[in-house]
Number of protein chains: 2
Amino acid sequence: MGKTKSITTFEQHLKNQYGELGTESRDQFEAKAKSFIIGEMLKEERLHAKLTQEELANKIGAKKSYISRIENGKTDIQLSTLYRIFELGLGKRITVSVN
Amino acid sequence: MGKTKSITTFEQHLKNQYGELGTESRDQFEAKAKSFIIGEMLKEERLHAKLTQEELANKIGAKKSYISRIENGKTDIQLSTLYRIFELGLGKRITVSVN
DNA sequence: CATGATGTACCACAATTAGTTAACTTTGAA
DNA sequence: TTCAAAGTTAACTAATTGTGGTACATCATG
């Protein structure tokens with residue numbers, strides 16, 4: 001069974017990192033929250049696979065600094081990147097579903 | 001219950017659209033296949049909501065041509081774009097899970 | 001503490017998406 | 001068939017990811 005994380009779990013954490021909602025819209029805030037969640041999932045899976053950021057980066061032809069940025073939710077990644085990292089890099093299967 | 005589509009479903013369709021696997025790598029091929037699947041999901045949900053591409057575009061502050069490109073899998077979108085379209089535009093919830 | 005391994009931040013640039021406009025094509029209904 | 005609405009495509013610009021490289025920070029452990 002796959003793991004799914006709720007956005008609410010990280011809301012407080014994000015407020016600490018980015019400050020209270022104010023200047024930015026709710027949408028932008030949620031986008032950051034979701035990048036953060038993806039990052040958390042990646043870190044979890046990477047550690048589970050016992051790989052360092054550098055090893056994972058090598059597997060997909062990227063640099064460790066890039067993996068770090070994604071894990072910390074600092075960048076909005078493309079779908080193809082999501083697949084490349086999880087499937088090519090970690091041998092996991094990504095599923096996107098609409099509810 | 002959310003809908004999930006398999007990549008294999010569209011493999012033949014993609015071969016028709018892009019030709020046989022050859023010059024491009026399997027990875028690139030799968031990336032296209034997945035963009036296509038996302039597009040199919042979007043079209044399905046949009047029609048279910050009884051919206052035209054233009055109406056959906058207006059809801060998220062975009063143009064109909066952009067929606068069309070996504071529905072036809074012609075562009076590799078960012079995660080934030082995926083969320084914006086489905087959640088803001090269609091009121092649906094996107095879930096990304098790792099198996 | 002000292003050292004090496006791991007992870008993060010910063011800066012710069014190339015490649016690609018995001019977004020617009022406008023023309024063209026398809027579809028469906030009168 | 002005609003016409004308008006809906007959808008597709010191309011061309012182009014602007015914004016941002018993707019990427020490399022380097023320096024810095026953190027962590028674990030002898």
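What you see is a predicted model, and the numbers here were worked out from it, not measured in a lab. Each chain gets a letter, A, B and so on, in the order its sequence line appears, and its residues count up from 1.
Contact check for L90(A) versus V98(B): no side-chain heavy atoms found under the 4.5 Å cut-off. Side-chain contact between I77(B) and Y66(B): present, with at least one pair of heavy atoms (C-beta onward) separated by less than 4.5 Å.
A donor-acceptor contact shorter than 3.5 Å links the side chain of E87(B) to the backbone of I94(B). A donor-acceptor contact shorter than 3.5 Å links the side chain of R46(A) to the backbone of L51(A).
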Expected rows: protein N/O vs nucleotides 27-30 of chain D N/O, under 3.5 Å:
none

Report each atom pair, protein N/O against N/O of nucleotides 22-29 of chain C, whose distance is under 3.5 angstrom.
none

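At a cut-off of 3.5 Å, with distance as the only test, a side-chain donor of D76(B) or S80(A) sits close to an acceptor on the other residue.
The distance from atom OG of S35(B) to atom NZ of K74(B), rounded to the nearest 0.5 Å, is 11.5 Å. For the atom pair CG of L88(A) and CG of L56(A), the computed distance is 9.0 Å after rounding to the nearest 0.5 Å. Considering CG of L79(B) and CD1 of I37(A), their distance stands at 11.0 Å, rounded to 0.5 Å.
Look at CD on E54(A): it is 13 Å from P on dT8(C), rounded to the nearest Å. Atoms CD1 (I67(B)) and P (dA18(C)) sit 11 Å apart, rounded to a whole Å. Rounded to whole angstrom, the span from the CG atom of L51(A) across to the C1' atom of dG7(C) amounts to 15 Å. Distance CG (N72(A)) to P (dT6(C)): 17 Å, rounded to an integer number of Å.
Residues E45(B) and F86(B) come closest through the heavy atom pair CG-CE2, 4.0 Å.
Under the rule for a side chain to side chain donor-acceptor pair (under 3.5 Å), the partners of Q53(A) that lie at least two apart in sequence or sit in another chain are E71(A). For K63(B), the side-chain contact (heavy atoms from CB on, under 4.5 Å) criterion is met by S65(B), not counting sequence neighbours. Legend: residues meeting side-chain contact (heavy atoms from CB on, under 4.5 Å) with E54(A), ordered by chain and number and at least two apart, are T52(A), N58(A), K64(A). Considering only residues two or more places apart in sequence or on other chains, T81(A) meets the side chain to side chain donor-acceptor pair (under 3.5 Å) condition with none of them.
Axis orientation changes by 50° from one end of the helix from dC1(C)-dG30(D) to dA30(C)-dT1(D) to the other, with each end axis drawn from 5 pairs and the value rounded to 10°.
At the heavy-atom level, T52(B) lies under 4.0 Å from the strands shown only through sugar-phosphate atoms.
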Under a 4.0 Å heavy-atom criterion, the protein footprint on nucleotides 11-19 of chain D, written with B, S and -, is B-----SBB
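Distances shorter than 4.0 Å separate none of the side-chain N or O atoms of R46(A) from OP1 or OP2 on dT6(C).
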